[in-house]
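Written below as structure tokens is the structure these notes are about.
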Amino acid sequence: MDTMNSYWETLQEKICRKCIDGNHKGDCLLPVGETCALKSLLPEIVFTVANVKSTAYEGYVHALRRNVCVLCDWQDGHGMCRKRDTLECALDRYYPLVVEIVEDVRTRLEKQQPQPSST
């Protein structure tokens, strides 16, 4: 299975089923033409979370805003985001859970990697 699929499937299972923009089965009900930031920016989210060296939630938020939100079409050049300001952004709404899921999946995937043999 593709690594990003592992992250996406876990996010769908743990977030999309509960998301206020979904149908409680994991299907997104955003308006036609809109894509959830969790899906459209998943590689950037995973990369950013994997590279944060902080035990504080704020460290993750700062890194995600700096590295991921800046790529989103909804954020303007001044760092303002209408979606975030109106609680319509799933990434912003579920930051703590997203971080926890990415860390858990990453740990699980690392444990599945074959260990080099020592000779």
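Here the structure is a predicted model, which is why all the values come from computation and not from measurement.
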Are L42 and L30 connected in the hydrophobic side-chain network, where two residues link if heavy atoms are under 4.5 Å apart? no
Around atom OH of Y57, are there more than 12 heavy atoms from other residues, nucleotides or ligands closer than 6.0 Å? yes
Quick check: does any side chain N or O of R17 sit under 3.5 Å from a backbone N or O of K25, one acting as donor and the other as acceptor? yes
Is there side-chain contact between D92 and L64, with at least one heavy-atom pair below 4.5 Å? no
Are side-chain N/O atoms of E100 and Y94 paired as donor and acceptor at under 3.5 Å? no
Shared hydrophobic cluster for L38 and V61 (ILVMFWY, side-chain gaps under 4.5 Å): yes
Is any NZ, NE, NH1 or NH2 atom of the basic residue among K83 and E34 found under 4.0 Å from an Asp or Glu carboxylate oxygen of the other? yes
Short side-chain to backbone donor-acceptor contact, D27 and N23, under 3.5 Å: no
Sidechain N-carboxylate O distance under 4.0 Å for R93, E88: no
Let's go through L109 and S6 carefully: what are the C-alpha distance in whole Å and the side-chain angles of both, what is the deciding distance for side chain to side chain contact (heavy atoms under 4.5 Å, CB included) to 0.1 Å, and is it a yes or a no? CA-CA 9 Å; L109 291 172; S6 295; 4.0 Å; yes
Any chance you could lay out the side chain to side chain donor-acceptor pair (under 3.5 Å) test for Y60 and E103, step after step, and finish with the verdict? CA-CA 11 Å; Y60 287 97; E103 292 288 6; 2.9 Å; yes
Step through the shown structure and confirm whether more than 12 heavy atoms of other residues, nucleotides or ligands are within 6.0 Å of CG on D104. yes
Interatomic distance, SG@C28 vs CD@Q12, rounded to 0.5 Å, equals 9.5 Å
Only one of R65, E58, R66 passes side chain to side chain donor-acceptor pair (under 3.5 Å) with H62; say which it is. R66
Donor-acceptor side-chain pairing of Q75 and R84 below 3.5 angstrom: yes
In this structure, OH of Y7 is separated from CZ of R108 (nearest 0.5 Å) by 8.5 Å
Grouping I, L, V, M, F, W and Y whenever their side-chain heavy atoms are under 4.5 Å apart, do V105 and F47 come out in a common cluster? no
To the nearest 0.5 Å, what is the distance between CG (L41) and OG1 (T48)? 9.5 Å
